[in-house]
2 protein chains.
Amino acid sequence: MAKPSKENTPITEHLAYLLAQANREINRQLELRLSKEGVPVEQWRILKVLSDGNGHSMGELADAVLLNHPTLTKMIDRMVSDTLVYRVQDPNDRRKVLMFISDRGKVLCRKLNSLAVDQEEHILESYGDKSTSELKRLLESLIDSSN
Amino acid sequence: MAKPSKENTPITEHLAYLLAQANREINRQLELRLSKEGVPVEQWRILKVLSDGNGHSMGELADAVLLNHPTLTKMIDRMVSDTLVYRVQDPNDRRKVLMFISDRGKVLCRKLNSLAVDQEEHILESYGDKSTSELKRLLESLIDSSN
DNA sequence: CTTCAATTCTTGAATATTCAATATTTCCAA
DNA sequence: TTGGAAATATTGAATATTCAAGAATTGAAG
């Protein structure tokens, strides 16, 4: 009996591939909902992070919304033009810029949240309560174990 | 007691966000390994799909490797320049192009496979056998339930 | 103090991706 | 048959992302 080799495992069985595929699909669905308000997923994430009302530096934001710095800077430029967020120089460390959400941003964020909740509920229905929370748990622990 | 509302759930608890985060992290690690051979993850996927020796049309490939058509076309152009793959017009349907892997592509693919296996083994170690297979199972079923 | 390395953010050029339009071939209904 | 709609792949322009470099500020060692 030959020693089992993983070297020609089909791509569809790799964890990296399954994650990419699931992410792509769920993201596509979310995009579809949020497009009702003409907002890309990343902007919703930004608004959501800022909606705690506190100032967040660009670096902090970039980490939180999974974008690298230059991409975030350019996206924020657009959102500032749309008056969804605004910049304030950090008084304690003038290298930093603190981002805040505007009133207009808050209103938009609420609409987007409810569209996103719709999606989560749709997933819960078709995929099941139990599977969803179990999947979330496993993903969190995978992320933890990767640091 | 207020009715529990999901509308201000932190972003980190959304399934879409957890998937994006996990995908980003695992993909980053894989990228790092494959960069030893200077090959992007998508090219490895392409080689892997083609390494069954059969011809695959561009549409089929695009689905399999999670790229849209124009992006794939341009990536394939590069891989043809590198003589990793080659195009053949499908004799049965001349709208289609069949992609094949070259000998050079096969050699490279074997090296890449073993780098990828390294990663999967690293995940198994730090994350555990049980969690990994359970996560894979749940991801597969999520993908299924999304179609 | 002063100098120099580290941190933070932005910019511009290079690169990659996407959208819409095009070309080719096949399919099918009239 | 044939004429038009559908399927397949590519192209080019518009857009977005990334990489490397730069500007400003802080921190800290000498």
Side-chain angles (χ1 to χ4, degrees), chain A residues 20-21 23-25 27-32 34-35 38-46 49-50 54-82 84-100, chain B residues 20-21 23-25 27-32 34-35 38-46 49-50 54-82 84-100:
Chain A
Q21 202 182 355
N23 178 50
R24 186 185 164 84
E25 181 57 29
N27 205 59
R28 200 189 54 74
Q29 288 174 18
L30 183 55
E31 231 165 35
L32 201 63
L34 299 190
S35 71
V39 176
V41 175
E42 290 79 10
Q43 290 199 14
W44 170 60
R45 289 198 195 125
I46 292 171
V49 170
L50 296 186
N54 299 325
H56 294 261
S57 76
M58 292 295 281
E60 204 184 322
L61 251 189
D63 283 351
V65 304
L66 315 177
L67 290 176
N68 55 17
H69 288 219
T71 306
L72 178 64
T73 292
K74 286 156 192 171
M75 183 159 285
I76 289 287
D77 286 347
R78 271 166 265 160
M79 295 176 78
V80 169
S81 299
D82 295 343
L84 297 171
V85 299
Y86 56 94
R87 292 178 162 97
V88 174
Q89 173 137 222
D90 185 337
N92 298 120
D93 183 342
R94 280 154 45 216
R95 288 169 303 183
K96 294 187 184 175
V97 171
L98 297 180
M99 298 304 312
F100 290 89
Chain B
Q21 201 181 355
N23 178 50
R24 187 186 164 82
E25 181 58 28
N27 206 56
R28 199 189 56 73
Q29 288 175 17
L30 183 55
E31 232 164 34
L32 200 65
L34 299 190
S35 71
V39 176
V41 175
E42 289 79 9
Q43 290 198 16
W44 171 58
R45 289 201 195 121
I46 292 171
V49 170
L50 296 186
N54 298 326
H56 294 262
S57 76
M58 291 297 279
E60 203 184 325
L61 251 190
D63 283 352
V65 304
L66 315 176
L67 291 175
N68 53 19
H69 288 219
T71 306
L72 178 64
T73 292
K74 286 155 192 172
M75 182 159 285
I76 289 287
D77 285 348
R78 272 166 263 160
M79 295 176 78
V80 169
S81 299
D82 296 341
L84 297 171
V85 299
Y86 57 93
R87 291 178 163 97
V88 174
Q89 172 135 234
D90 185 337
N92 298 119
D93 182 343
R94 279 155 45 219
R95 289 169 303 181
K96 295 187 185 174
V97 171
L98 297 179
M99 299 304 312
F100 289 90

Between dT10(D) and Arg87(B), is there an OP1 or OP2 to side-chain N/O distance shorter than 4.0 Å? yes
Roughly how far apart are Arg24(B) CZ and Glu31(B) CD, rounded to 0.5 Å? 9.5 Å
Which nucleotide wins on minimum distance to the side chain of Arg94(A), given the candidates dG12(C), dT26(D), dA7(D)? dT26(D)
Between dT18(D) (P) and Leu66(A) (CG): distance, integer Å: 12 Å
Value in whole Å for how far the P atom of dA24(D) lies from CE of Met58(A): 18 Å
Closest to side chain of His69(A), choosing from dC19(C), dT10(C), dT26(C): dT10(C)
Rounded to the Å, how far apart are Leu72(B) CG and dT11(D) C1'? 15 Å
Testing the basics here: between Arg45(B) and Leu66(B), what is the closest heavy-atom pair and its distance to 0.1 Å? NH1-CD1, 4.3 Å
Please confirm whether the shortest side-chain N or O distance from Ser57(B) to OP1 or OP2 of dA9(D) is below 4.0 Å. yes
Go through dC9(C), dA24(D), dT26(C) for me and flag the one nearest to the Lys96(A) side chain. dC9(C)
Calculate the interatomic distance between Arg78(B) atom CZ and dT10(D) atom P; express it in whole Å. 13 Å
Can you tell me which nucleotide in dT18(D), dT25(D), dT18(C) comes closest to the side chain of Asp93(A)? dT25(D)
Starting at CG of Asn68(A) and ending at P of dA20(D), how long is that distance when rounded to a whole Å? 12 Å
Closest heavy-atom pair and its distance - Val39(A), Trp44(A): CG1-N, 4.0 Å
Please report the distance, rounded to the nearest Å, between CE in Met75(A) and C1' in dT17(D). 10 Å
With the side chain defined as heavy atoms from C-beta on, Arg95(A) is closest, among dT7(C), dT17(D), dT11(D), to dT7(C)
From Thr71(A), Ile46(A), Leu67(A), residue fulfilling side-chain contact (heavy atoms from CB on, under 4.5 Å) relative to Ile76(A): Ile46(A)
Nearest-nucleotide pick for Lys74(A), side chain only, options being dA13(D), dC9(C), dA13(C): dA13(C)
Where each residue is assigned the nucleotide of DNA chain D containing its nearest heavy atom, which of Leu67(A) and Gln89(A) is assigned the position nearer the 5′ end? Leu67(A)
Considering only heavy side-chain atoms of Thr73(B), the closest of dA9(D), dT10(C), dT18(C) is dA9(D)
Rounded to whole Å, the CD-P distance (Glu42(A) to dT15(D)) equals 18 Å
Salt-bridge contact Arg28(B)-Glu25(B) (side-chain N to carboxylate O under 4.0 Å): yes
Output the rounded distance in Å from NE2 (His56(A)) to C1' (dC9(C)). 17 Å
Quick check: on DNA chain C, is the nucleotide nearest Pro91(B) upstream (toward 5') of the one nearest Pro70(A), or the reverse? Name the residue that is more 5'. Pro70(A)
